[in-house]
Amino acid sequence: SNSFEFIETTTQGAIGTIELNRPKVLNALNTKMISEIVQAMEGFDKDDNIRVIVLSGKGRAFAAGADIDEMANASAMDLELLNQFVDWDRLALIKKPIIGAVHGFALGGAFELALCCDLLFAAEDAEFGFPEVNLGVMPGAGGTQRLTKLVGKTKAMEWLFTGKRITAKEALHYGIINQTFSKELLFEETYKFAEQLAKQAPISIRLIKESVLKAIDHSIYEGMQFERKNFYLLFSSEDQKEGMKAFIEKRQPQFKGK
Ligand code: CO8
């Protein structure tokens, strides 16, 4: 699984980890790295032994954004024909829960990547932000959309207009991240959480993720129709029978993910 050039993947029990691995340039995201991330995610998504995906960065940052050297001389036509955001669309289709563990910088495209995670844990030194405005561009991988849906127009406009960095504390305050930890404990605590999550009924987690993501893009009515079908669908799983039987028999359930 380590045939990748710009990322490293490892597994530990039911947890599949993807680490961004270009530390010399603070993990600047080039096109190939994004494509490798998506390939690795899809690999874990298909792997029956994996229940949770963890995404983090090697070195002193999660990542400092898209690779500016790679983009600097691009024309609009180059970018249109490259069609790189198709990879980002595929990222949004990953079914298993993705936990981002962010330390240091998560800027630009890296903040967008973090916003693609389902849960975010951050070190106290983490800094998020969209500095694109300082380069004469703007976010292109969902930043204006995901940040606005998450925190509302007021702060989104401010942060996108100024490029100002958001501290871990602020990110927690605005609901961008789930929790902060000291830098030393970030990975340990992330894995502790991931291990607990891996014990939950996998099909429940899968359909909950799908339903919550639906809420972001659809009306309550449509979302509820969707939720209802997923709720019914769970009653065709062995895990629903086991989960309820275990409750009645006053014992711990043994979930199999089917
Ligand atoms: N691209 C390329 N190289 C980078 C990047 C980057 N985004 N960020 C840092 N590096 C390189 C530096 O050039 C430097 O290389 P070298 O040692 O060869 O000079 C090395 O990484 C270390 O960086 P610094 O010496 O600058 O480290 P500092 O601690 O002094 O500063 C900062 C850290 C503040 C993070 C600084 O590096 C910085 O401002 N980086 C750029 C941040 C930025 O503007 N990011 C947004 C990029 S645009 C974007 O993300 C658009 C997304 C749209 C689509 C997404 C597709 C993937």
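Note that ligands are numbered from 1 as they come in the structure, with each ligand's atoms numbered from 1 the same way.
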Between the main-chain N or O of Gly59 and the side-chain N or O of His103, is there a donor-acceptor pair closer than 3.5 Å? yes
Anything under 30° is parallel, anything over 60° is perpendicular, the rest tilted; go ahead and classify Tyr174 against Trp159. perpendicular
Glu112 and Arg146 ion-paired at < 4.0 Å: no
Pairs under 3.5 Å, N/O atoms on ligand 1 and on the protein: can you put them in a table with the distances?
unit_1   : atom_1 : unit_2 : atom_2 : d
ligand 1 : 1 (N)  : Ala66  : O      : 3.4
ligand 1 : 1 (N)  : Ile68  : N      : 2.9
ligand 1 : 7 (N)  : Ala64  : O      : 3.2
ligand 1 : 7 (N)  : Ala66  : O      : 2.8
ligand 1 : 27 (O) : Arg60  : NH2    : 3.0
ligand 1 : 29 (O) : Arg60  : NH1    : 2.8
ligand 1 : 29 (O) : Arg60  : NH2    : 3.2
ligand 1 : 45 (N) : Ala64  : O      : 2.9
ligand 1 : 50 (O) : Ala66  : N      : 2.9
ligand 1 : 50 (O) : Gly109 : N      : 2.8

Before you tell me yes or no, could you show the steps for Glu242 and Arg251 under salt bridge (Lys or Arg N to Asp or Glu O under 4.0 Å), namely the whole-Å CA-CA distance, both residues' side-chain angles and the distance that decides it to 0.1 Å? CA-CA 10 Å; Glu242 166 63 10; Arg251 60 171 174 84; 2.7 Å; yes
Lys/Arg N to Asp/Glu carboxylate O, Glu238 vs Lys241, below 4.0 Å: no
Under 4.0 Å between a side-chain nitrogen and a carboxylate oxygen: does that hold for Glu158 and Lys155? yes
